[in-house]
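These notes concern the structure reproduced below.
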Amino acid sequence: MAGTDINQQENQGAQESRIFQPPPDFVANAAISGMPAYEKLCAEAEADYEGFWARLAREELDWHKPFAQVLDESQAPFYKWFEDGELNASYNCLDRHIKAGNGGKTALVFEADDGTVTRATYQELHERVCKFANGLKSRGIKKGDRVIIYMSMSIEGVAAMQACARIGATHSVVFGGFSAKSLQERIIDAGAVAVITADEQLRGGKHLPLKAIVDEALALGGCDTIRDVIVYKRTGGNIAWTEGRDIWLGDLVDAQAADCEPEWVSAEHPLFILYTSGSTGTPKGVQHSTGGFLLWAALTMKWTFDIKPADVFWCTADIGWVTGHSYIAYGPLAVGATEVVFEGVPTYPNAGRFWETIAKHKVSIFYTAPTAIRSLIKAADVDPKVHPKNYDLSSLRLLGSVGEPINPEAWMWYYKNVGGERCPIVDTFWQTETGGHMISPMPGATPMVPGSCTLPLPGIMTAIVDEAGADVANGQGGILVVKRPWPSMIRTIWNNPERFKTSYFPDELGGKYYLAGDGAIRNSDTSYFTITGRIDDVLNVSGHRMGTMEIESALVANPIVAEAAVVGKPDDTTGESICAFVVLKQARPTGEEAKRIAQELRNWVAKEIGPIAKPKEIRFGDNLPKTRSGKIMRRLLRVLAKGETITQDISTLENPAILEQLKEAS
Ligand code: PRX
């Protein structure tokens, strides 16, 4: 919890006074129609918390064996939901729609990097998933085994996740931009038995290796649990082959039976592990359940996205992040929706790609990240041809934002130019750990304020407290917590229950409140929440979450580096950018040499973690600003990174002269 001063953080949204009402025709047809309907649900949860969740779990999911127990708090904070109930996530996403007569409905519309379109109906996806599941079983993969998925965005990627769920194997998807070393660490931590990958991925017209990185990860050693590497042929590019270990996906699944009885699992069975960054140490394997996770993925599709049978839903995230889990691989399928799965990047072949794709597939609900919006605003300023006004976006009825704060200017642009001032925007605040939306407008109920995620979803007991866990008044900044467990919450950190407790249920807050790791403030008039940013050493670059310590560890692992400190710096496009202060073992480089070494170190970080962790800026010093007891003063580094003058008290600083050196970028 140490770190930035919450009260000093910017809270543009909290002061924003413009209010946008949801359009009346939207309200009329919405799942949650009008504020009284929202308030009624909140009151139901307040009055009978377990009864509320039990009702929803019975209504939203098909249970093979009904649950009798709703919430088990006996081993708090290791909460259990619906534990004696049995179900299967894949059954709930596929079979039940076919049984209801909707097998012919399009489930996935795959928009490839080059614009080629492939579709799969629920019936076809069911067959693909069943064959995939049977293929996995034929290799001895079974319930409880962990399977790593290191795949491009594809129908096969979604099918791989669903196939694991079908047989009760716990998947762990690793984003395709992570390095071999990051992949190896996750394989080892998860103790995975197989990796599902593709030969290459296609992004922005470029072929990027996947299988070669898997080979490299396994060659780094320690991955002895891996028996199979299953390879989807995406590009047909040249790859190395290890006989006996590597198998083409086609060879594995083509001859399999087209039906596969789902493995019925307890609601608490781990559906997946997803690694994410914390403020210290190695990435954390966030473990999610089957029942609670799926319930919330389905319900938020209905409440936040107001999904209707005729909608075409498009979430632009990658399956490597939690957004791609909840709102590509599970949520849309759980509610029987049609969704677009996109392989490419927003700027290829030009920065009109998103708008063109919305028009092409008549997308009605569009969900993306503020970074993408900001970069497309810039692109449209430079090249008016890619401005959204040049595309037919009349199919849109709802817009969403996720992953980072959306600044009011970007919100307004999105509202006017993409949504034509007729589409509500849901600014959804949530996290890998929360499994689904926590704070967000309900599009047919909540009046919207640009830059504010507004109010918690019904049943989500968020609050803002001080460092001792006491509630703070509206208008005062504080620490965002959730006071009651909810079904889709993180269950534990894989292999590290102790870290789960200390990270999320710290004793300082009484051990009862879930600590989100963000600061927040509520508006004095509306009680709306505005997220003011992380209060720990976690950075958010383009909506990607990274720990400063991870990047520092990567830097000091380079033999020429003596010491490194990493801080975030506000960035117009990416929200935050990475700024590293580095002390080399050799004399402090300047000029061309500094540029060359900085580039070398950037590439090094890309190799250690992945290109997303590359520092945008590296500054060299003879030392770092430290207190007399040797503690690095990060607060000063943040000020230096911003290019601002230091006004804080520096009397405890051991070596004030060093600040001059670190002022300028190399
Ligand atoms: O700081 C918050 C920010 O993203 C963090 C969670 O990152 P991750 O686990 O990678 O999940 C991202 C996708 C859900 C949060 O702690 N964040 C996420 N959504 C918002 C946000 N900050 C402000 N507004 C949001 N809507």
Side-chain angles (χ1 to χ4, degrees), residues 1 3-4 6 9-14 16 173 175 177-178 274-279 283-286 288 293 296-297 300 304 315-328 331 367-374 399-408 410-411 414 425-441 448-457 462 479-482 488-490 493 503-504 514-521 528-547 550 568 574-576 612-613:
M1 271 186 285
T4 49
I6 303 150
Q9 288 182 3
E10 271 183 85
N11 46 53
Q12 271 180 307
E16 172 69 54
V173 185
F175 175 60
F178 277 117
L274 184 59
Y275 287 85
T276 190
S277 296
S279 46
K284 306 183 270 198
V286 172
H288 276 287
F293 172 82
W296 201 226
T300 47
T304 316
C315 164
T316 66
D318 190 285
I319 53 167
W321 308 113
V322 73
T323 310
H325 282 61
S326 308
Y327 301 111
I328 296 177
Y367 191 37
T368 197
T371 289
I373 299 166
R374 286 189 295 261
L399 303 173
S401 169
V402 60
E404 35 171 345
I406 179 161
N407 46 311
W411 194 100
Y414 196 30
I425 298 181
V426 287
D427 173 2
T428 60
F429 166 81
W430 60 295
Q431 309 175 295
T432 305
E433 293 88 343
T434 70
H437 305 150
M438 299 298 278
I439 309 179
S440 168
M448 295 160 286
V449 170
S452 167
C453 49
T454 74
L455 296 168
L457 273 77
T462 47
I479 298 165
L480 182 67
V481 296
V482 189
S488 69
M489 68 190 293
I490 174 176
I493 293 177
S503 306
Y504 301 112
Y514 167 81
L515 174 72
D518 282 289
I521 184 166
Y528 278 10
F529 285 78
T530 291
I531 305 299
T532 50
R534 299 288 306 193
I535 52 169
D536 52 13
D537 291 315
V538 169
L539 304 182
N540 192 327
V541 181
S542 304
H544 297 155
R545 184 166 150 183
M546 263 164 296
E550 264 174 88
T574 58
E576 248 183 324
I612 53 170

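Remember, it's 1-based here, ligands and their atoms both numbered in the order they're listed.
Judged by distance alone, the side chain of D427 and the main-chain N or O of P405 form no donor-acceptor pair under 3.5 Å.
Using a 4.5 Å heavy-atom cutoff, the side chains of I373 and T368 are in contact.
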Table of N or O contacts for ligand 1, cutoff 3.5 Å:
residue	atom	partner	partner atom	Å
ligand 1	1 (O)	D518	OD1	2.6
ligand 1	1 (O)	D518	OD2	3.3
ligand 1	4 (O)	G403	O	3.2
ligand 1	4 (O)	N540	ND2	3.3
ligand 1	9 (O)	T432	N	2.8
ligand 1	9 (O)	T432	OG1	2.5
ligand 1	9 (O)	R545	NH1	2.7
ligand 1	16 (O)	Q431	NE2	2.9
ligand 1	16 (O)	D518	OD2	2.4
ligand 1	16 (O)	R534	NH1	2.8
ligand 1	17 (N)	G403	O	3.3
ligand 1	19 (N)	G403	N	3.2
ligand 1	24 (N)	E404	O	3.4
ligand 1	26 (N)	D427	OD1	2.8
ligand 1	26 (N)	T428	O	2.8

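Not a single side-chain hydrogen bond (donor to acceptor under 3.5 Å, both in side chains) links E576 to another residue, sequence neighbours left out. Among residues two or more places apart in sequence or in another chain, the side-chain hydrogen bond (donor to acceptor under 3.5 Å, both in side chains) test is passed with W430 by Y367. The side-chain hydrogen bond (donor to acceptor under 3.5 Å, both in side chains) check on T276 picks up R545, with sequence neighbours excluded.
In summary, the side chains of Y514 and T434 do not present any donor paired with an acceptor at a separation below 3.5 Å, with no hydrogens or angles considered.
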